[in-house]
**Student:** 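Pasting a structure below so you can have a look.
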Amino acid sequence: MNPAESRKDLIVLLRTIWDKIMLPIVNVLKNVLKIRRYSRIWLCPTAVFTSIPLHAAHPFQTKADRSKEPCLEDLYICSYTPTLSALIRSRQMMKKPISPSFVAIGQGKPGAGQGKELSAVDSELDLVRELFPATANPTSLSGDRATRAGALEALKRNTWVHLACHGKQDHEQPYNSHFAMRDERLTLLDIMEQDIPHAEFVFLSACHTAVGDEKTPDEVIHLAAGLQFSGFKSVIGTLWAVDDAVAKHIVEPFYEKMFDDLEDSGVMDCRKAARALNHATHAVKTTVPLEQRIVFVHIGV
């Protein structure tokens with residue numbers, strides 16, 4: 001999908017996805033399988049479906065009583081998985097409890113040729129660090145310290161990661177897809193070559209991190225999928241360009257929901273990410289444009 005399309009065109013697209021693709025599936029879930037409302041479901045798209053925002057399917061219709069027809073995310077908590085084996089592997093790895101540690105990595109002034117300055121990155125990192133519980137020992141890495149080597153080391157040392165920077169998908173060489181750091185690019189291959197044994201959750205507040213490739217649609221090797229293959233069990237990625245000034249409006253309700261009952265359980269659980277994202281997108285319906293509300297997707301457990 002081209003993010004430059006008008007709001008009207010986007011609504012037409014989401015309505016078509018609902019009518020032609022997701023409504024028949026929802027009918028089976030509700031009427032045949034008897035899957036309860038607000039249950040979690042996983043979408044495993046292939047071919048051209050990897051580049052379509054299936055999770056945002058919406059009828060945009062009003063009932064006779066003037067109430068609105070529910071959309072997919074009103075009915076179920078949607079996640080994606082690049083492959084079924086990736087989801088199974090992530091679930092199996094969740095059986096090993098580990099002590100949480102968190103780092104927020106941000107690069108608002110990337111090296112030459114890696115993209116324009118992102119003025120809202122530092123404020124986003126400050127916000128995220130404030131929202132994380134002290135038990136996770138929250139730290140941050142930004143500015144001149146957010147280099148390729150610095151980011152790699154932070155990824156290896158922490159279980160939870162928030163990454164705010166430019167992201168670039170390379171459709172010709174997927175493993176060269178990268179995040180823009182201060183000195184040079186942090187590529188998907190760089191990350192996948194590392195040993196990241198305790199990785200649990202990563203929020204990719206960067207552009208084009210979970211978009212499929214129309215030329216090789218069955219090879220789901222985008223940045224978000226690559227991080228899941230590297231060991232992260234739960235990943236938030238993006239389907240198209242993110243407005244860095246708007247991202248924090250999604251980020252805040254997301255993390256608030258992630259940790260809203262932490263005092264009761266005392267355990268950070270990355271399996272709450274899908275519900276937290278669903279909550280966040282609903283919370284900003286009146287303040288964030290449609291195309292920016294639906295850009296974030298959840299992948300994994």
Side-chain angles (χ1 to χ4, degrees), residues 1-45 48-81 203 205 210-212 234 236-243 245-261 271-300:
M1 194 198 79
N2 184 347
E5 288 179 302
S6 69
R7 188 73 48 78
K8 182 178 179 180
D9 290 340
L10 178 57
I11 290 174
V12 170
L13 171 64
L14 297 181
R15 183 181 287 140
T16 301
I17 294 172
W18 172 260
D19 291 338
K20 303 297 184 181
I21 302 173
M22 296 311 302
L23 180 57
I25 295 174
V26 166
N27 286 336
V28 172
L29 292 175
K30 289 172 58 179
N31 303 322
V32 179
L33 300 178
K34 307 298 182 182
I35 303 298
R36 291 181 297 177
R37 190 165 183 167
Y38 303 127
S39 293
R40 291 193 61 188
I41 62 172
W42 280 261
L43 308 175
C44 186
V48 296
F49 293 102
T50 59
S51 59
I52 296 176
L54 299 172
H55 67 286
H58 200 306
F60 291 104
Q61 292 182 351
T62 303
K63 298 179 181 178
D65 62 2
R66 295 188 177 182
S67 64
K68 293 183 178 180
E69 288 281 357
C71 65
L72 181 60
E73 292 194 313
D74 292 330
L75 299 171
Y76 298 107
I77 308 299
C78 299
S79 296
Y80 288 87
T81 183
F203 192 120
S205 185
V211 61
S234 184
I236 301 293
T238 57
L239 290 178
W240 52 80
V242 180
D243 183 339
V246 172
K248 62 183 179 182
H249 295 294
I250 296 285
V251 167
E252 183 171 12
F254 171 82
Y255 282 119
E256 287 177 344
K257 185 65 175 179
M258 282 290 283
F259 306 129
D260 63 353
D261 61 351
R271 291 170 294 188
K272 292 177 59 180
R275 292 190 184 277
L277 183 60
N278 181 279
H279 165 80
T281 55
H282 279 82
V284 299
K285 274 189 175 182
T286 60
T287 57
V288 174
L290 174 62
E291 64 274 11
Q292 290 292 297
R293 288 204 311 273
I294 66 175
V295 64
F296 290 101
V297 296
H298 176 258
I299 298 170

**Student:** Could I get the full list of side chain to side chain contact (heavy atoms under 4.5 Å, CB included) partners for Ala247, not counting sequence neighbours?
**Tutor:** Glu124, Ser205, Val242, Phe296

**Student:** Do you know which two heavy atoms are closest between Ala274 and Cys78, and how far apart they sit?
**Tutor:** CB-O, 4.4 Å

**Student:** Determine yes or no for a side-chain-to-main-chain donor-acceptor pair under 3.5 angstrom, with Trp240 supplying the side chain and Glu291 the backbone.
**Tutor:** yes

**Student:** Quick one: CD1 on Ile41 to CG on Leu54, what's the gap to the nearest 0.5 Å?
**Tutor:**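 One finds 9.5 Å between CD1 of Ile41 and CG of Leu54.
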
**Student:** With sequence neighbours excluded, what pairs up with Lys272 under the salt bridge (Lys or Arg N to Asp or Glu O under 4.0 Å) test?
**Tutor:** Asp260, Asp261

**Student:** Is Pro45 close to Tyr80 at the side-chain level, that is, under 4.5 Å between some pair of heavy atoms?
**Tutor:** yes

**Student:** Nearest 0.5 angstrom please: Arg15 CZ to Cys71 SG, how far?
**Tutor:** 12.5 Å

**Student:** What pair of heavy atoms forms the shortest contact from Gln292 to Ala241, and how long is it?
**Tutor:**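 Between these two residues, the closest heavy atoms are NE2-O, 3.1 Å.
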
**Student:** So Tyr255 and Phe203, would you call those rings parallel, tilted or perpendicular, with 30° and 60° as cut-offs?
**Tutor:**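 The arrangement is tilted - the two ring planes meet at 30° to 60°.
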
**Student:** For Arg271, check salt bridge (Lys or Arg N to Asp or Glu O under 4.0 Å) against everything at least two apart and list the hits.
**Tutor:**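 Arg271: salt bridge (Lys or Arg N to Asp or Glu O under 4.0 Å) contacts with Asp269.
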
**Student:** For residues Val26 and Leu75, determine if any side-chain heavy atom of one lies less than 4.5 Å from a side-chain heavy atom of the other.
**Tutor:**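 Contact flag for Val26/Leu75 side chains = yes.
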
**Student:** In Å, rounded to the nearest 0.5 Å, how long is the span from CD1 of Ile294 to CD1 of Ile250?
**Tutor:**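 One finds 11.0 Å between CD1 of Ile294 and CD1 of Ile250.
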
**Student:** According to the side-chain hydrogen bond (donor to acceptor under 3.5 Å, both in side chains) rule, which pairs have a member within residues 21-38, sequence neighbours left out?
**Tutor:** none

**Student:** To the nearest 0.5 Å, how far apart are OG in Ser39 and CG in Leu33?
**Tutor:**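 Ser39 OG to Leu33 CG: 11.0 Å, rounded to 0.5 Å.
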
**Student:** Who passes side chain to side chain donor-acceptor pair (under 3.5 Å) against Ser234, sequence neighbours left out?
**Tutor:** His298

**Student:** Kindly write out the residues that satisfy side chain to side chain contact (heavy atoms under 4.5 Å, CB included) with Val12, not counting sequence neighbours, or none if the list is empty.
**Tutor:** Thr16

**Student:** Using side-chain heavy atoms (C-beta onward) and a distance below 4.5 Å, is Arg275 in contact with Lys257?
**Tutor:**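 No, side chains not in contact.
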
**Student:** Report yes if the side chains of Leu14 and Pro53 come closer than 4.5 Å at any heavy-atom pair, otherwise no.
**Tutor:**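 In short, these two side chains touch, coming nearer than 4.5 Å.
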
**Student:** Can you sort out the partners of Tyr76 under ring-ring contact (aromatic ring centres under 6.0 Å, His included), two or more places apart, ordered by chain and number?
**Tutor:**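 Partners of Tyr76 under the ring-ring contact (aromatic ring centres under 6.0 Å, His included) test: none.
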
**Student:** Phe254 versus Thr281: any side-chain heavy-atom pair under 4.5 Å?
**Tutor:**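 They are not in side-chain contact.
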
**Student:** Under 3.5 Å, sequence neighbours excluded: what are the donor-acceptor pairs made by side chains of residues 57-65?
**Tutor:**
residue: His58; atom: ND1; partner: Phe60; partner atom: N; Å: 2.9
residue: Asp65; atom: OD1; partner: Ser67; partner atom: N; Å: 3.0
residue: Asp65; atom: OD1; partner: Ser67; partner atom: OG; Å: 2.6
residue: Asp65; atom: OD2; partner: Ser67; partner atom: OG; Å: 3.4

**Student:** Show your reasoning for whether side chain to side chain contact (heavy atoms under 4.5 Å, CB included) applies to Ile236 and Val297.
**Tutor:** CA-CA 6 Å; Ile236 301 293; Val297 296; over 6 Å; no

**Student:** Could you walk me through whether Leu43 and Phe49 satisfy the side chain to side chain contact (heavy atoms under 4.5 Å, CB included) test, starting with their C-alpha distance in whole Å, then the side-chain angles of each, then the deciding distance to 0.1 Å, before giving a yes or no?
**Tutor:** CA-CA 10 Å; Leu43 308 175; Phe49 293 102; over 6 Å; no

**Student:** So Leu290 and Leu10, do their side chains get closer than 4.5 Å, heavy atoms only?
**Tutor:**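 Yes, at least one pair of side-chain atoms sits under 4.5 Å.
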
**Student:** Nearest 0.5 Å, what's the CG-NZ distance between Leu13 and Lys8?
**Tutor:**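 The NZ atom of Lys8 is 14.5 Å from CG of Leu13, to the nearest 0.5 Å.
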
**Student:** Heavy atoms only: give me the nearest Val288-His249 pair and the separation to one decimal.
**Tutor:**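 Minimum heavy-atom contact is CG2-CB, 3.9 Å.
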
**Student:** Rounded to the nearest 0.5 Å, how far does CD of Glu73 lie from NE2 of His282?
**Tutor:** 6.5 Å

**Student:** With sequence neighbours excluded, what pairs up with Arg40 under the side chain to side chain donor-acceptor pair (under 3.5 Å) test?
**Tutor:** Ser79

**Student:** For Asp243, check side chain to side chain donor-acceptor pair (under 3.5 Å) against everything at least two apart and list the hits.
**Tutor:** none

